[in-house]
Amino acid sequence: AQSVTQLDSHVSVSEGTPVLLRCNYSSSYSPSLFWYVQHPNKGLQLLLKYTSAATLVKGINGFEAEFKKSETSFHLTKPSAHMSDAAEYFCVVSPTDKLIFGTGTRLQVFP
Amino acid sequence: GAGVSQTPSNKVTEKGKYVELRCDPISGHTALYWYRQSLGQGPEFLIYFQGTGAADDSGLPNDRFFAVRPEGSVSTLKIQRTERGDSAVYLCASSFTGGGTDTQYFGPGTRLTVL
């Protein structure tokens, strides 16, 4: 069975500093992996997705993630946090049709 | 164009009542999904439609839950004899063709509260 583990439930950073949200996956074959963001009282929005093409995936709003098979990781990064990045972030794996979500990481950004 | 819409945005009901939640997918999307998000958790898959048929209903928790998509567009999630544990945000998503690599676009959700 496929699953994802988000290693941090909360991450706090100062505005302008780098962001790192960690995700490990479990899969018996090459997975499709996604990061979604959920702002308060708003719908889930796709940040980026990995589908076995380039291992470094660039997404919206300056986010990117690197697929590392040897480490079974798909960490999300951003060089410089902005106040508007404060939200809940979900790492997601898709075995076939359905999405399997992690438990989420809440990102706080302090001025 | 318009995104996925869900109605109502909020629904409060009493234990034992029947509720219907509606989802309007993006026009032209053949795949439609329902998820449930409990407080502090990630969304959990309920059911997936490809056209009018349920291609995967393995996430429905029990036979009180049922969903339909009679014309391959709008879908309704139906919950009978609601229980307090059914309280959650119910999310609908659609994608162009379905499949593991196809991007799913989510609606804003329906917050269901069972008193």
Side-chain angles (χ1 to χ4, degrees), chain A residues 1-10 21 23-25 27-54 57-60 67 74 76 87-107, chain B residues 2-7 9-10 23-26 29-51 53-61 67 69 88-111:
Chain A
Q2 298 199 2
S3 64
V4 289
T5 301
Q6 293 186 244
L7 302 172
D8 307 291
S9 59
H10 289 85
L21 305 183
C23 173
N24 285 356
Y25 70 90
S27 175
S28 55
Y29 52 89
S30 186
S32 294
L33 291 161
F34 307 77
W35 277 97
Y36 276 82
V37 61
Q38 188 173 40
H39 287 92
N41 300 316
K42 290 192 176 180
L44 284 158
Q45 181 183 20
L46 178 69
L47 277 179
L48 49 82
K49 68 177 179 180
Y50 166 77
T51 56
S52 73
V57 183
K58 293 189 183 297
I60 62 172
F67 174 75
F74 190 58
L76 181 71
E88 188 88 16
Y89 291 80
F90 293 97
C91 183
V92 181
V93 64
S94 181
T96 52
D97 42 66
K98 59 191 170 190
L99 300 180
I100 299 172
F101 286 75
T103 52
T105 298
R106 181 164 297 278
L107 176 65
Chain B
V4 178
S5 61
Q6 294 186 245
T7 54
S9 56
N10 281 282
C23 172
D24 276 274
I26 293 172
H29 280 193
T30 62
L32 184 145
Y33 310 79
W34 284 98
Y35 295 84
R36 178 169 71 173
Q37 186 173 21
S38 299
L39 193 63
Q41 302 294 319
E44 293 179 307
F45 170 79
L46 294 176
I47 187 169
Y48 156 54
F49 286 91
Q50 183 57 253
D56 183 350
D57 65 357
S58 61
L60 294 178
R69 195 186 185 199
V89 176
Y90 289 81
L91 298 168
C92 177
S94 70
S95 70
F96 187 57
T97 59
T101 62
D102 203 17
T103 298
Q104 295 186 25
Y105 297 88
F106 283 81
T110 294
R111 182 176 299 278

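Below, chain A is the first sequence line, B the second, and so on; all start at residue 1.
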Q) Could you go step by step and tell me if B/Leu32 and B/Val4 meet the side chain to side chain contact (heavy atoms under 4.5 Å, CB included) rule? A) CA-CA 10 Å; B/Leu32 184 145; B/Val4 178; over 6 Å; no
**Q.** A/Lys98, part contacting chain B, at a heavy-atom distance under 4.5 Å
**A.** both
Q. For A/Leu46, is it the side chain, the backbone, both, or neither that has a heavy atom closer than 4.5 Å to a heavy atom of chain B?
A. side chain
Q) Ring centres of A/Tyr25 and A/Phe74 under 6.0 Å apart? A) no
Q: Look at the rings of B/Tyr105 and B/His29 and say which category their plane angle falls in: under 30° parallel, 30 to 60° tilted, over 60° perpendicular.
A: tilted
Q) Short question: side chain of A/Arg106, backbone of A/Ser9 - any donor-acceptor pair under 3.5 Å? A) no
Q.
Please classify the contact of A/Phe34 with chain B as side chain, backbone, both or neither, using a heavy-atom distance under 4.5 Å.
A. side chain
Q: Go through the atoms of B/Gln37 and report whether side chain, backbone, both or neither lie under 4.5 Å from a heavy atom of chain A.
A: side chain
Q) When only pairs under 4.5 Å are counted, which of B/Ser9, B/Ala31, B/Pro43 shares the most heavy-atom pairs with chain A? A) B/Pro43
Q: Counting only heavy atoms closer than 4.5 Å, note whether B/Ser58 contacts chain A via side chain, backbone, both or neither.
A: side chain
Q. Looking at side-chain heavy atoms only, is the closest gap between A/Tyr36 and A/Leu99 below 4.5 Å?
A. yes
Q) Any side-chain donor-acceptor pair under 3.5 Å between A/Gln6 and A/Thr103? A) no
Q) In terms of heavy-atom proximity below 4.5 Å to chain B, should A/Gln45 be classed as side chain, backbone, both, or neither? A) neither
Q: Could you check which of B/Thr103, B/Leu46, B/Asp102 has the highest count of heavy-atom pairs closer than 4.5 Å to chain A?
A: B/Thr103
(Q) Could you check whether any side-chain N or O of B/Gln50 sits under 3.5 Å from a backbone N or O of B/Asp56, counting only pairs where one atom can act as donor and the other as acceptor? (A) no
(Q) Less than 4.5 Å to any heavy atom of chain A: does that hold for the side chain of B/Leu91, its backbone, both, or neither? (A) side chain
